[in-house]
Amino acid sequence: MTYESHLSDLPEDAPWHEKPGESIVEQGDTDQIPERDVTESDLAETQTDETNWLIAGGGYEGHRHTTAEVITPENVGDLELEYRLEIAEDPNDFQGSPIVVDGDPPIMYTTVGPDMLYALNARTGDILWTHFYENSDGASEQTPPAERGAAVLGDTVYKSTLDLGVLAIDRYTGEERWYYNGAAYYRGQVADELTHEELSWERSRGTTSSFPPLIYNGRIMKGSFGGEFGVSGFFDCIDLEGNPQWRVNMTPEHEWVGDSWMHGGATAWAAGAVEPDSGTVVIPSANPGPWYGTVRPGYNPYSCGKVAVDIESGEYQWHHQDSPHDWWDYDSPSPPVVFEAEHESESRKFATWPGKTGWVYTVDMETGQLHQRSDEYVQHLNTFNLPPYDDLESAPWVMPDLIGGTNPQPSAFDPESRTLVVKGTNYPMKFSWFETEYEPGQRYIGMDTVRKTEPTQPEEGDQPEEDVPADAEELEPGEQREGDETPENETVADNGGDDLHAPEEDADGGDEGAAKEEEAEAENGDEDGGEDDADDGNGEQESLIDEPVPEWNQNAGVIAGLDPLTGDVKWQHWFSWEAGPPWGGSLTTATGVTFAGGPTGFLHALDTETGEELATHEVGDHGVDGAPISWYDPHEGKQYVAIPGGGGNQVEEEGNTVAVFSLQE
């Protein structure tokens with residue numbers, strides 16, 4: 001295998017600096033922003049600096065851990081709400097993680113889709129400036145894309161754009177510095193216009209390069225989108241002036257059969273992590289395309305896993321695939337975590353992550369060799385069972401479904417207790433494949449799906465009334481319902497798929513099937529196109545609605561704590577089907593508290609070592625899909641916790657809230 005030749009030759013004549021969209025800047029009281037340029041040393045130290053949060057993952061190694069110690073298990077219930085800020089418009093998708101630059105006052109930078117960047121006074125929530133970018137292809141109004149954060153260095157804020165670009169923005173004024181055009185060169189061709197024609201279509205949730213750029217040693221790195229659209233994924237590195245340095249082809253041509261690489265997906269749309277000692281970046285990789293594997297023989301590297309490359313040169317180091325030659329959309333988008341631990345009497349570096357497969361994978365950071373695959377933290381049923389051809393009825397129920405295990409949710413790691421906190425979805429699904437052909441800008445999937453999200457209501461007389469838990473309507477958020485672990489009820493199918501591959505023209509002449517798929521994405525939230533979750537009314541799918549799945553514990557999802565070195569599951573905090581699955585990221589503190597948003601509008605505080613729920617704090621009357629962060633403000637003597645609290649990925653109630661809590665020392 002010769003993965004070292006996965007780099008693309010980057011031509012000088014591509015329009016790398018030409019912007020195919022327009023920016024709108026609005027300024028408030030920008031004088032509130034202290035002059036404090038962020039250095040590379042600040043970025044390197046932010047993982048242990050309690051006063052800021054300069055990298056979306058909490059630091060290069062992605063621990064999402066704060067060293068601030070004001071909040072403890074004993075006083076976390078005393079958190080006070082500083083403010084709730086409603087920004088953007090409903091419906092929207094708040095899956096991001098803000099960054100905070102320390103100062104008096106600290107300044108928060110947070111993103112919302114599509115392509116909206118806000119600068120806020122982190123103490124008060126005052127909006128100091130906004131920068132909205134409108135790309136030339138437009139963004140779906142029905143499913144505004146998730147935006148997951150920004151990056152900062154010097155006096156500049158950087159954000160990824162929906163059209164594969166990077167914007168450099170003056171962090172004091174919101175004004176544009178430069179734009180990098182990542183769509184100017186693709187599959188060996190310079191774009192005829194500003195964007196390669198096969199990368200030009202209206203952006204929706206399934207088509208966004210929304211994770212924040214990763215900055216290290218004068219390099220800015222970002223990924224690509226579109227795994228469900230027959231693209232070839234890539235991962236870019238540019239310098240601090242926006243000049244291209246290297247590009248990794250995430251479907252290396254010589255490792256794929258024939259021309260299958262050209263539509264092989266494997267997009268790198270999620271956030272990577274850096275191992276600073278070796279100067280290595282670990283890149284997450286999405287599903288191959290199309291979903292069915294008959295047209296793409298082999299392992300299909302680097303799909304559904306992680307690939308490590310040298311930051312200076314882009315050269316290959318290693319890769320690991322969670323699901324080689326995948327058929328189930330089991331990509332591996334969750335950002336990796338790099339940690340150090342004692343093993344066999346020596347200190348070693350590891351990379352670890354949860355996958356959509358529902359296990360945590362831990363590999364040797366130097367070689368990529370698998371150290372362990374953990375115990376399951378969600379249920380498994382007929383996992384890796386090959387889907388039948390064009391026959392949903394005969395297909396077995398499979399767990400996890402295509403949303404997870406874990407999707408893009410960033411995990412948190414407590415180095416003291418060696419606990420990795422992950423989130424997972426826990427639904428059964430049926431898969432059935434059909435042949436499809438690639439068309440630019442159209443979905444390239446070839447799979448029908450049916451998903452169960454709630455138990456069947458028994459007909460009158462079928463089940464004694466006393467068998468229904470008396471407290472079913474009185475649950476606290478996230479509380480496990482009695483009997484959830486040994487269900488006896490049947491389940492209801494929530495139908496989805498490719499409209500059984502028969503889209504109809506709507507009244508306006510558009511593709512009704514495609515419209516339904518876009519609408520479905522608003523619920524499943526799979527950034528790289530986790531497939532449809534909407535009821536299309538098809539009779540074949542409706543006939544499956546009463547099929548029982550007795551193995552399902554009727555829990556929609558879980559927050560779990562694991563030891564990534566041993567693979568042991570320490571605890572599981574289940575959410576019943578009434579509540580829905582938890583989405584978004586998590587946060588650990590040096591005092592042993594874990595924060596994570598839940599589906600019923602609350603910020604949950606759990607004991608990191610045991611999973612015991614310590615407190616809940618209301619964010620809003622909607623799902624909480626963002627990733628919490630924390631910082632200590634020495635000028636106020638307070639520790640703050642902030643979380644983007646809107647979103648509708650897996651839950652019905654949407655919102656557009658950023659909530660900030662604090663505790664005085």
Side-chain angles (χ1 to χ4, degrees), residues 64 71 73 76-77 79 81 84 92-97 146 148 334 354 377-378 403-412 421-427 453-454 471-481 484 523-525 553-561 571-589 593-608 610-630 641-661:
R64 300 197 57 78
I71 299 170
V76 67
L79 278 179
L81 179 70
R84 287 190 184 96
N92 220 294
D93 211 5
F94 283 52
Q95 295 186 36
S97 183
R148 295 189 171 92
S334 186
Y377 59 91
V378 295
I403 304 302
T406 301
N407 210 296
Q409 303 98 309
S411 303
V421 179
V422 304
K423 286 185 174 181
T425 303
N426 195 61
Y427 288 133
T453 60
E454 61 182 66
D471 63 345
E473 300 298 324
E474 301 175 358
L475 294 177
E476 292 297 320
E479 182 179 345
Q480 181 166 304
R481 178 168 58 86
D484 275 347
E523 295 189 322
N524 69 39
N553 67 11
Q554 297 184 16
N555 288 314
V558 69
I559 304 173
W571 50 266
Q572 290 167 288
H573 184 86
W574 288 100
F575 290 78
S576 70
W577 66 268
E578 294 101 329
W583 202 255
S586 48
L587 160 74
T588 61
T589 77
V593 177
T594 287
F595 288 102
T600 56
F602 289 84
L603 176 66
H604 297 262
L606 310 174
D607 185 290
T608 302
T610 68
E612 175 190 357
E613 185 157 274
L614 304 171
T616 56
H617 297 279
E618 185 176 2
V619 175
D621 58 351
H622 46 64
V624 183
D625 287 0
I629 68 168
S630 182
V641 177
I643 186 167
N649 278 308
Q650 310 294 304
V651 294
E652 293 182 0
E653 295 298 328
E654 297 170 332
N656 59 341
T657 304
V658 175
V660 176
F661 304 88

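Values below: every heavy atom of this structure, side chains too, minus hydrogens, waters and symmetry copies. All of these numbers come straight from a predicted model, not from anything done at the bench.
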* Structure fact -> Separation between CZ (Phe661) and CD1 (Ile643), nearest 0.5 Å, reads 8.0 Å
* Asked: Considering all heavy atoms of both residues, which atom of Ala605 and which atom of Val593 are nearest to each other, and what is their separation?
  -> CB-CG1, 4.2 Å
* Measure from the side-chain N and O atoms of Lys423 to the backbone N and O of Pro582, and report whether any donor-acceptor pair falls under 3.5 Å. => no
* Side-chain heavy-atom pair Ser411, Arg64 within 4.5 angstrom cut-off -> no
* Tell me, do Pro408 and Arg148 make a side-chain contact under 4.5 Å, heavy atoms counted? -> yes
* Asked: Between atom CG of Asn426 and atom CD of Gln554, what is the distance when rounded to the nearest 0.5 Å?
  -> 11.0 Å
* Under 4.5 Å between any side-chain heavy atoms of Thr406 and Tyr377, yes or no? -> yes
* Structure fact -> Residues at least two apart in sequence or cross-chain that pass side-chain contact (heavy atoms from CB on, under 4.5 Å) with Ala642, listed by chain then number, are Met108, Ile629, Trp631, Val660
* Atom NE2 of His622 and atom CG of Asp625: how far apart are they, to the nearest 0.5 Å? -> 9.5 Å
* **Residue pair Gln572 / Ala560: nearest heavy atoms and the distance that separates them** => CG-CB, 4.1 Å
* Do Glu578 side-chain atoms and Ser576 backbone N/O form a donor-acceptor pair below 3.5 Å? -> no
* Asked: Would a distance-only check, ignoring hydrogens and angles, find a side-chain to backbone donor-acceptor pair under 3.5 Å from Asn553 to Asn555?
  -> yes
* Can you tell me how far CH2 of Trp583 sits from OG1 of Thr425, rounded to the nearest 0.5 angstrom? -> 5.0 Å
* Asked: Taking all atoms of both residues into account, what is the closest heavy-atom pair of Gln409 and Asn407, and its distance?
  -> OE1-N, 2.7 Å
* Asked: Going by heavy atoms in the side chains, are Asp607 and Thr594 under 4.5 Å from each other?
  -> no
* Asked: Are Thr657 and Phe94 side-chain neighbours, meaning at least one heavy-atom pair lies under 4.5 Å?
  -> no
* Structure fact -> Exactly one candidate in Leu614, Leu606, Leu79, Thr608 meets side chain to side chain contact (heavy atoms under 4.5 Å, CB included) with Phe595; the answer is Leu79
* Asked: For the residue pair His604 and Phe575, does the interplanar ring angle fall in the parallel (under 30°), tilted (30 to 60°) or perpendicular (over 60°) class?
  -> perpendicular
* **Heavy-atom side-chain contact between Phe602 and Val624 under 4.5 Å** => no
* To do: Taking all non-hydrogen atoms of both residues into account, name the closest pair between Pro410 and Gly584 and its distance.
  => CD-C, 4.4 Å
* Considering non-hydrogen atoms only, spot the tightest contact between Pro599 and Gly580 and give its length. => CG-O, 3.1 Å
* **Close side-chain approach of Val558 and Val378, heavy atoms under 4.5 Å** => yes
* Asked: What residues form a side chain to side chain donor-acceptor pair (under 3.5 Å) with Ser334, not counting sequence neighbours?
  -> none
* Which heavy atom of Ser630 sits nearest a heavy atom of Val641, and at what distance? -> OG-CG2, 4.0 Å
